[in-house]
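Presented below is the structure to which this report refers.
Along the sequence shown, residues are numbered consecutively beginning with 1.
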Amino acid sequence: MISANNISLRFGKKALFEDVNIKFTEGNCYGIIGANGAGKSTFLNILNGQLEPTSGNVFITPGQRLSYLRQDHFKYDDYSVLDTVILGNERLYEIMKEKDAIYMKEDFSDEDGIRASELEAEFADMDGWNAESDAATLLNGLGIDSDLHYSIMKDLNGSIKVKVLLAQALFGNPDILLLDEPTNNLDLDAIAWLEEFLINFNNTVIVVSHDRYFLNKVCTHIADIDYAKIQLYAGNYDFWYESSQLMIRQMKEANKKKEEKIKELKEFISRFSANASKSRQATSRKKALEKIELDEIRPSSRKYPYIDFRPKRDIGNEVLTVEGISKTIDGVKILDNVSFIVGREDKIAFVGSNEIAKTTLFNILMGEMEPDEGSYKWGVTTSQSYFPKDNTRIFDTDLAIADWLTQYSEIKDATYVRGFLGRMLFPGEDGVKKMRVLSGGEKVRVLFSRMMIEGANVMIFDEPTDHLDMESITALNNGLIKFPGVLLFASRDHQIVQTTANRIIEFLPGGTFIDKVTTYDEYLDSDAMARKRSVYTIVDDD
């Protein structure tokens, strides 16, 4: 068990937390939610001891081991992948290294023998003989091939490092597991594996995530941070949402009844206070009136952008034809003879762990990269708008966001342009912010503003939910569902893929692919998943 007791955290006069009391018990998974800046990650850092609160304390049951997902991608650069995972249990790793050092001695003494015996006993109690195989199982589950297990961490790319550090946090059956955005940079297969791992994990889990489907799948409780307090709800994310909305409705209904009673009492008092025969009744009603207190209903600190993609023209029957596109990068076959036709009602999700294949295809279709072989043709009625995965080049400018957005608007009126920024939670004065100083989430919302103002009837999104909070992801999801045009998109957000796509294209290692007209959940349940793991072939639409 881990608990926060009277925790307060202040930065100057601002209180991020105020007298927070919450207990996390064994066998439950707690999802920490709240608006950007509410203090979700900060609270985890208080729990894991990296940050001292202004007042209060954290209590952990004596003897229990706490593990957390570390964000320092360079700390373990000189370690092998397997050793990095095993370091999730530092005491076990120390025992392994001390044992090895003793057994390598040429002058093995009696004292060494006694010490080795003590270490072996502790090693066995910690199930040390299975450490490497357990670490390998975690790595394989997250999609890291066995041939990388003995690689040095500094030789790995960032996305694989993230998976290794996640495996490290999960290693060794910790009593308390803290995870801050564990699904970031994971493909949908790895996320599904992590979901199953946490569902079957019997100890305490506390997780911060913006993935609604993930929270629904793994959480038994939701801890909602709002106005410097944490309110605990039993159930998953959807249950929290329904419960919180129900609570607000009940408070509003109770206030309405109280207001009606107040009105009734005031009318009686006004009518009969001067009447001697009714004065005692009027006095009694005055006392009753003084006792009625309306419930304080504070609006949530959450802010939802308004995302509404409206095409400026209808789309014809001919949308996009892709014929035999192949592309090799640095000697690796990324796309291999990719061919498909896009219809006017298609909303296609590109899925699978081969993320570079999706990005490469999108860049080719938008004319930012040439294929080695093959061709593509857009229909004459189409107009395209693109959300790239890497937006570094776009924001390398000294323009203010309002001036930058005006370039993409047919109407150059400043009020009109700033209206689109306002929908994306940029108030009037924010329009003068420079493009290059924006945060990750602000950059994404600026790009959504551009896509709304362009009014294209074909939109391409490459991982649009990166850097977004829950509220923005929800608004984007709703905007994509309502969009009447064609969508080609890649996203790690299961709920967006499931609720938006009517067709799935999965890229496989080697650049081949599977293409099926189906929802994402139906695709996962189909035998296509089994087929693609054994034979990489193209499957025609059913």
Side-chain angles (χ1 to χ4, degrees), residues 143 183 186-196 211-214 216-217 315 319-323 325 334-365 376 384 386-387 389 458-466 473 476-542:
T183 62
L186 294 189
D187 57 79
L188 287 167
D189 284 346
I191 293 173
W193 179 89
L194 178 61
E195 289 167 356
E196 290 304 313
D211 189 324
R212 298 157 297 164
Y213 181 90
F214 178 77
N216 276 330
K217 198 79 181 288
I315 198 166
V319 179
L320 173 65
T321 301
V322 176
E323 294 184 348
I325 285 184
I334 305 300
L335 301 172
D336 186 11
N337 193 32
V338 174
S339 299
F340 58 89
I341 296 173
V342 178
R344 66 194 307 268
E345 296 183 353
D346 277 341
K347 289 181 168 60
I348 306 176
F350 292 80
V351 302
S353 59
N354 193 355
E355 295 192 10
I356 191 171
K358 307 169 207 172
T359 298
T360 300
L361 177 65
F362 293 159
N363 285 336
I364 289 172
L365 296 180
Y376 64 93
Q384 301 85 38
Y386 181 35
F387 181 98
K389 189 173 185 177
V458 179
M459 296 197 301
I460 301 177
F461 291 91
D462 194 357
E463 300 296 350
T465 62
D466 288 356
I473 292 172
L476 172 64
N477 197 166
N478 293 336
L480 295 181
I481 291 171
K482 291 189 298 182
F483 178 61
V486 170
L487 283 177
L488 309 178
F489 69 99
S491 175
R492 301 185 190 94
D493 190 292
H494 186 117
Q495 192 162 334
I496 284 182
V497 177
Q498 169 59 20
T499 57
T500 304
N502 56 22
R503 180 175 169 187
I504 304 295
I505 292 180
E506 179 175 13
F507 283 114
L508 306 171
T512 57
F513 68 101
I514 294 171
D515 183 353
K516 289 185 73 70
V517 176
T518 181
T519 66
Y520 185 56
D521 283 349
E522 289 170 345
Y523 177 73
L524 292 178
D525 290 339
S526 73
D527 62 347
M529 295 298 289
R531 286 203 303 273
K532 66 107 172 178
R533 296 187 192 286
S534 56
V535 181
Y536 293 147
T537 57
I538 299 175
V539 179
D540 294 331
D541 295 345
D542 288 342

Criterion side chain to side chain contact (heavy atoms under 4.5 Å, CB included) on I364 and L335, from CA distance to verdict: CA-CA 11 Å; I364 289 172; L335 301 172; 3.9 Å; yes

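- When all heavy atoms of A490 and K358 are compared, the pair lying nearest together is CB-CD, 3.8 Å.
- Looking only at atom types and distance, the side chain of D189 has no donor-acceptor partner in the side chain of S353 under 3.5 Å away.
- For the pair K347 (side chain) and V497 (backbone), a donor-acceptor distance under 3.5 Å is absent.
- Evaluation of the side chain to side chain contact (heavy atoms under 4.5 Å, CB included) rule for D346 yields V342, I348, N502, R503 as partners, not counting sequence neighbours.
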Could you please spell out the steps behind the side chain to side chain contact (heavy atoms under 4.5 Å, CB included) verdict for Y376 and T321? CA-CA 5 Å; Y376 64 93; T321 301; over 6 Å; no

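- With sequence neighbours left out, Y520 forms a ring pair (Phe, Tyr, Trp, His ring centres under 6.0 Å) with H494.
- Atoms CD1 and CD, on I473 and Q495 in that order, are 10.0 Å from each other to the nearest 0.5 Å.
- For D493, the salt bridge (charged side-chain N to carboxylate O under 4.0 Å, His left out) partners at least two apart in sequence or on another chain are R212.
- Residues R492 and D466 share a closest heavy-atom pair of NH1-OD1, 2.9 Å.
- T512 OG1 to E506 CD: the interatomic distance, rounded to the nearest 0.5 Å, is 9.5 Å.
- Taking N478 as the reference, T474 meet the side chain to side chain contact (heavy atoms under 4.5 Å, CB included) condition, with sequence neighbours excluded.
- Listed here is the closest heavy atom pair of N337 and F513: O-CE2, 4.3 Å.
- Contact detail for V458 and V319: the closest heavy-atom pair is CG2-CG1, 4.2 Å.
- Atoms CG and OG1, on L480 and T500 in that order, are 5.0 Å from each other to the nearest 0.5 Å.
- Taking every heavy atom of both residues into account, S491 and L188 meet most closely at O-CD1, 3.6 Å.
- Considering only heavy atoms from C-beta on, M459 comes within 4.5 Å of F461 through its side chain.
- Atom CZ of F489 and atom CG of D462 lie 11.5 Å apart (nearest 0.5 Å).
- Of the inter-residue distances, the one linking L365 atom CG with I325 atom CD1 reads 6.0 Å to the nearest 0.5 angstrom.
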Check the pair I514, F507 against side chain to side chain contact (heavy atoms under 4.5 Å, CB included), reporting the backbone distance first and the verdict last. CA-CA 7 Å; I514 294 171; F507 283 114; over 6 Å; no

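- No hydrogens or angles considered: a donor-acceptor pair under 3.5 Å links the side chains of E522 and T518.
- A search for salt bridge (charged side-chain N to carboxylate O under 4.0 Å, His left out) contacts involving K217 returns E195, E196, not counting sequence neighbours.
- With values rounded to the nearest 0.5 angstrom, L476 atom CG is found 8.5 Å from F387 atom CZ.
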Does I505 form a side chain to side chain contact (heavy atoms under 4.5 Å, CB included) with F340? I'd like the steps, not just the answer. CA-CA 10 Å; I505 292 180; F340 58 89; 4.1 Å; yes

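- Ring centroids of F362 and F350 are separated by less than 6.0 Å, placing the two rings close together.
- Looking at residues two or more places apart in sequence or on another chain, you find a salt bridge (charged side-chain N to carboxylate O under 4.0 Å, His left out) between K389 and E355.
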